[in-house]
Amino acid sequence: MIAVLKPNTSEQQVQNLISWLESMNLGVHVSRGDFQTVLGLIGDTSKVDIDLLEGLDVIESVTRISEPYKKANRKFHPEDTVVDVAGVKIGGGHFGMIAGPCSIETEEQIIEVASRVKAAGANILRGGAFKPRTSPYAFQGLKADGIELLREAKYVTGLPIVSEIMNANHLPLFEDVDLIQVGARNMQNFELLKELGHINKPVLLKRGLANTLKELLMSAEYIMAGGNENVILCERGIRTFEPYTRNTLDLSAIPALREMSHLPIVVDPSHACGISRMVKPMALAAAACGADGLMIEVHNDPKKALCDGAQSLTPDQFDDVAACVRRVREAVKDA
Ligand code: PEP
Ligand code: MN
C-alpha cells in the first residue's frame, strides 16, 4: 500500500504518521521527493482501514499495490534512484560507462585496457576475477590475484572498479571493489542476494538467461529487503530460439523496467550479442532508448583473450563506440 502525503506536510506530522503505522506492525518505507513524500507500507496491510487513512489531513491519496516487489517498485518511489559508485553516479540522467576486459589476465593487460577505456570516457572499470564458465576445464579467472590486479588498475587510473562475486564467502576479497556484480547465472542465488543485502556497497544485478523482468525485480527486492537499496539492474540478453547471436538483447526491457522500477538500468551489449561487430549498433540503440549506462567488454588483444574474445572490442573500437554513444545521448536528450 502506498500513501502519498500532501506537499506541505511537516516533518513532525510525517513522524507521527509513521509511528502510528508502525504501531499496526507495518514496515514503513519513506521516499522523500523534491515536492512530495511517499510512504510505502510493507507487511500485512489487509487490516488497514483505507478510508480512515485517506481521511487524514496529511494524506493526499492511498493506493493498494499488488506487485510483489515493493522496494524496487516505482509506485513506492516515484523518483529515479541515483546510485553512487565511489563518486560516479548512475541513474536519474547520470550515465555509467563501464568498460574493461571480460577477465583480468595480466598486469599489463588490465593496466593498458584501464588506461585506454578511461581516456575514451569510461567512468567505471570492469574485470572478472571469478569467472562463471560453462565448462569446468575453461579458464576460471585469476581469483584473488585478479582482484589484486584490478585494485592496482584502480589506483593507477582512479577509476572505480566492478567485479563479479559468485560466493558470499569471497566478500572479504571484494573490500576495495566499488560495485559488486551478480552475474546472470546467479541472479536467483537467493542466499548470495541476501548476503549482499547486508553490505554497504552498490550491486550490479544482471538479468538471468531465462528470467522475466518481474523475476529480476524480485531478485533486486531480495537485496533491498536486507537494507541495501543501491541496486543497478542490467539487461544482458536473454535466451531465445535464435542461435545467430549468443543471446537476444531485450531492448524493450529498458522502457518496461523504467515503468516498473525506479532503479537505474544498464545494458550489456557484449554478452547479449557475443559478436564484437554487433556491440556498437546495440550500444547506440540502448543509449537511444534510455539506458542509464552500458557495460562493454574491451581487450587489448581480443584474439588472445582467455575469455569472450569474440565479443570484445579493441581499445580503438571502444573509442569510436564511446564517442558515438555520447552523440546519440545528446541527440535524444529532449526526446
Ligand atoms: C560478465 O559480465 O563477465 C558475465 C559473465 O556476464 P553474464 O553474467 O551476463 O553472463
Ligand atoms: Mn564476458
Side-chain angles (χ1 to χ4, degrees), residues 85 96-105 109-110 113-114 117 122 124-136 138-143 146-147 149-150 161-167 170 174 177-189 192-193 196 202-211 213 215-216 219-220 231-240 245-251 253 257 265-276 278-279 282-283 286 291 293-314 318:
V85 181
M97 182 55 109
I98 307 170
C102 178
S103 310
I104 303 145
E105 297 171 5
Q109 174 238 21
I110 190 68
V113 175
V117 298
I124 299 180
L125 174 67
R126 66 152 284 148
F130 293 90
K131 295 305 304 174
R133 304 303 300 277
T134 302
S135 165
F139 176 59
Q140 303 285 308
L142 294 183
K143 306 187 176 75
I147 300 278
L149 295 177
L150 191 62
I161 51 179
V162 53
S163 200
E164 176 169 351
I165 194 162
M166 293 204 288
N167 183 334
H170 295 156
F174 284 69
V177 175
D178 303 292
L179 174 62
I180 299 201
Q181 176 173 325
V182 175
R185 290 154 191 83
N186 272 310
M187 188 201 90
Q188 289 189 314
N189 180 340
L192 177 62
L193 301 178
L196 297 178
V203 176
L204 179 73
L205 178 65
K206 298 188 95 175
R207 180 180 183 184
L209 278 69
N211 285 112
L213 299 179
E215 286 165 343
L216 173 62
S219 290
V231 179
I232 301 170
L233 307 170
C234 181
E235 163 58 40
R236 46 77 73 207
I238 47 175
R239 183 161 287 181
T240 66
T245 47
R246 185 175 179 183
N247 292 287
T248 299
L249 181 59
D250 179 10
L251 281 177
L257 288 169
I265 308 153
V266 160
V267 170
D268 171 350
S270 306
H271 290 90
C273 301
I275 304 169
S276 62
M278 294 189 186
V279 169
M282 290 297 96
L294 289 164
M295 180 187 244
I296 296 181
E297 286 189 341
V298 181
H299 195 285
N300 53 334
D301 190 356
K303 286 192 286 305
K304 297 210 178 105
L306 296 181
C307 185
D308 286 351
Q311 67 194 34
S312 298
L313 300 185
T314 62
F318 181 71

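For ligands, and for the atoms within them, numbers begin at 1 and follow the listed sequence. Just so you know, these numbers come straight off a predicted model, no measurement behind them.
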Donor-acceptor check, side chain of [X] to backbone of [Y], threshold 3.5 angstrom: yes or no?
X: Ser163; Y: Gly127; answer: yes
X: Glu235; Y: Asp250; answer: yes
X: Ser312; Y: His299; answer: no

Residue [X] vicinity, atoms of ligand 1 by number, heavy atom under 4.0 Å:
X: Ala184; answer: 7 (P), 8 (O), 9 (O)
X: Gly183; answer: 8 (O)
X: Glu164; answer: 4 (C), 5 (C)
X: Arg236; answer: 7 (P), 9 (O), 10 (O)

Considering non-hydrogen atoms of the protein only, which is the closest contact for atom 6 (O) of ligand 1, and what is the distance?
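Going by distance alone, atom 6 (O) of ligand 1 is nearest to Lys206 NZ, 2.9 Å.
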
Of the protein's non-hydrogen atoms, which lies at the shortest distance from atom 4 (C) of ligand 1, and what is that distance?
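Result for atom 4 (C) of ligand 1: His271 NE2, 3.4 Å.
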
Would you mind telling me which of Lys206, Arg236, Arg126 makes a side-chain hydrogen bond (donor to acceptor under 3.5 Å, both in side chains) with Asp268?
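Single pass found, and it is Lys206.
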
Is any side-chain heavy atom of Leu205 closer than 4.5 Å to one of Met187?
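They are in contact (side-chain heavy atoms under 4.5 Å apart), so the answer is yes.
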
Would a 4.5 Å heavy-atom cut-off, applied to side chains only, mark Arg246 and Asp308 as touching?
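Side-chain contact under 4.5 Å: yes.
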
Among protein atoms, how many N/O/S atoms lie less than 2.8 Å from the Mn ion (ligand 2)?
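Considering protein N, O and S only, the Mn ion (ligand 2) has 4 within range.
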
For Arg239, is the CZ atom crowded, meaning more than 12 foreign heavy atoms sit under 6.0 Å from it?
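No, because the 6.0 Å sphere around CZ of Arg239 holds 12 heavy atoms or fewer from other groups.
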
So, 4.0 Å and heavy atoms of Arg126: is ligand 1 close enough to count as a contact?
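Contact present.
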
Residue of the set Ile232, Leu125, Ile161 for which side chain to side chain contact (heavy atoms under 4.5 Å, CB included) holds with Leu179:
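Going through Ile232, Leu125, Ile161 one by one, the side chain to side chain contact (heavy atoms under 4.5 Å, CB included) with Leu179 is satisfied by Ile232 alone.
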
Residues forming a side chain to side chain donor-acceptor pair (under 3.5 Å) with His170, sequence neighbours excluded:
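Partners of His170 under the side chain to side chain donor-acceptor pair (under 3.5 Å) test: none.
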
